[in-house]
Amino acid sequence: MRAIFAMIGLLALGGCMTEAPPPEQPTMYLSMANGGATLDPQAAASMISLYRQNNGLGAVAVDPDLMKLAEAQSQAMAGRNKLDHDVKGPLEKRLGASGYPAKLAVENVSAGYHTLAEAFSGWRDSPPHKANMLKNGVTKLGIAATYAPNTKYKVFWTLILAST
């Protein structure tokens, strides 16, 4: 009988305990290979700015117009299942058509990376993409990741860095 009361007491105490919620995952590790996922552009700006600052360059800030241009490029690549800078025309032409007053602009595209951290690492480890992220004089960015489940790569990325 004592054992039964002891077990009931332990169960009652166990019910009073609550587990701490798991720590929130940084958004740079959120998988974009999910229809409901949303890219965090501020996290991207922070990550790229820190990388630039570690290399003696200035920070970049999210620009709403560049965000729209990056989104259109990622969607165009996803829609055609094709990784290509020029799928919607060269960057300079796209900037001009949108009325964006860029004095300087560079673009990284990629596909197949599921997280911002993976895309950033891929760009950092590729000399031409690294050079774009470390382009002297850029101050703004637009970034997008488009999920396309029925494509080869699943996620298409665009990063545009510019100055006005």
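Computed from heavy atoms alone, side chains included, the values below leave out hydrogens, waters and symmetry copies.
Side-chain atoms of Leu83 and Val109, non-hydrogen and from C-beta on, do get closer than 4.5 Å to each other.
Within the 3.5 Å criterion, the main-chain N or O of Asp65 finds a donor-acceptor partner in the side chain of Asp63. Counting only distance, with no hydrogens or angles, the side chain of Asn108 and the backbone of His129 share a donor-acceptor pair below 3.5 Å. Side-chain atoms of Arg52 never come within 3.5 Å of backbone atoms of Ala59 as a donor-acceptor pair (strictly under, hydrogens ignored). Ser74 places a side-chain N or O within donor-acceptor distance of the main-chain N or O of Phe156, the cut-off being under 3.5 Å. At distances below 3.5 Å, at least one donor-acceptor pair connects side-chain atoms of Arg94 with backbone N or O atoms of Gly89. A donor-acceptor contact shorter than 3.5 Å links the side chain of Gln73 to the backbone of His85. A donor-acceptor pair is defined here as one N or O able to donate and one able to accept, closer than 3.5 Å; no such pair exists between the side chain of Ser126 and the backbone of Gly122. Within the 3.5 Å criterion, the main-chain N or O of Thr158 finds no donor-acceptor partner in the side chain of Glu71.
Applying the ring-ring contact (aromatic ring centres under 6.0 Å, His included) rule to Tyr113 yields no partners; only residues at least two apart in sequence or on another chain are considered. For the ring-ring contact (aromatic ring centres under 6.0 Å, His included) test, no residue two or more places apart in sequence or in another chain qualifies with Tyr147.
The CD atom of Glu107 sits 9.0 Å away from the CG atom of Leu69 when rounded to the nearest 0.5 Å. To the nearest 0.5 Å, atoms CG (Asn81) and NZ (Lys154) are separated by 8.5 Å. Annotation: the span from Glu92 atom CD to Tyr100 atom OH amounts to 14.0 Å, rounded to 0.5 Å.
Nearest approach of Met133 to Arg124, heavy atoms of both residues: CE-N, 3.6 Å. For the residue pair Ala148 and Ala78, the shortest heavy atom distance occurs at CB-CB, 3.7 Å.
Classified by interplanar angle (parallel below 30°, tilted 30° to 60°, perpendicular above 60°), the ring pair Phe120/Tyr51 is perpendicular.
Val60 and Ile160 end up in different hydrophobic clusters when Ile, Leu, Val, Met, Phe, Trp and Tyr side chains are linked at under 4.5 Å. In terms of hydrophobic clustering, with Ile, Leu, Val, Met, Phe, Trp and Tyr side chains grouped at heavy-atom distances under 4.5 Å, Val62 and Val106 are assigned to a common cluster. The cluster map of Ile, Leu, Val, Met, Phe, Trp and Tyr, joined by side-chain heavy atoms under 4.5 Å apart, puts Met47 and Met67 in the same cluster. Residues Ile143 and Val87 do not share a hydrophobic cluster, clusters being chains of Ile/Leu/Val/Met/Phe/Trp/Tyr side chains in contact below 4.5 Å. Hydrophobic clustering (ILVMFWY, side-chain heavy atoms < 4.5 Å, transitive): Leu39 and Leu141 are in one cluster.
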**Item:** side-chain contact (heavy atoms from CB on, under 4.5 Å) assessment of Met32 paired with Val155
**Value:** CA-CA 7 Å; Met32 295 292 109; Val155 183; 3.9 Å; yes
**Message:** Go through it in stages, so that I can follow the logic: the residues are Lys140 and Thr164, the test is side-chain contact (heavy atoms from CB on, under 4.5 Å), and I'd like the CA-CA distance, side-chain angles, deciding distance and then a yes or no.
**Reply:** CA-CA 8 Å; Lys140 301 174 183 188; Thr164 53; 3.2 Å; yes
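For NZ of Lys88, the number of neighbouring non-hydrogen atoms (other residues, nucleotides, ligands) closer than 6.0 Å is 12 at most.
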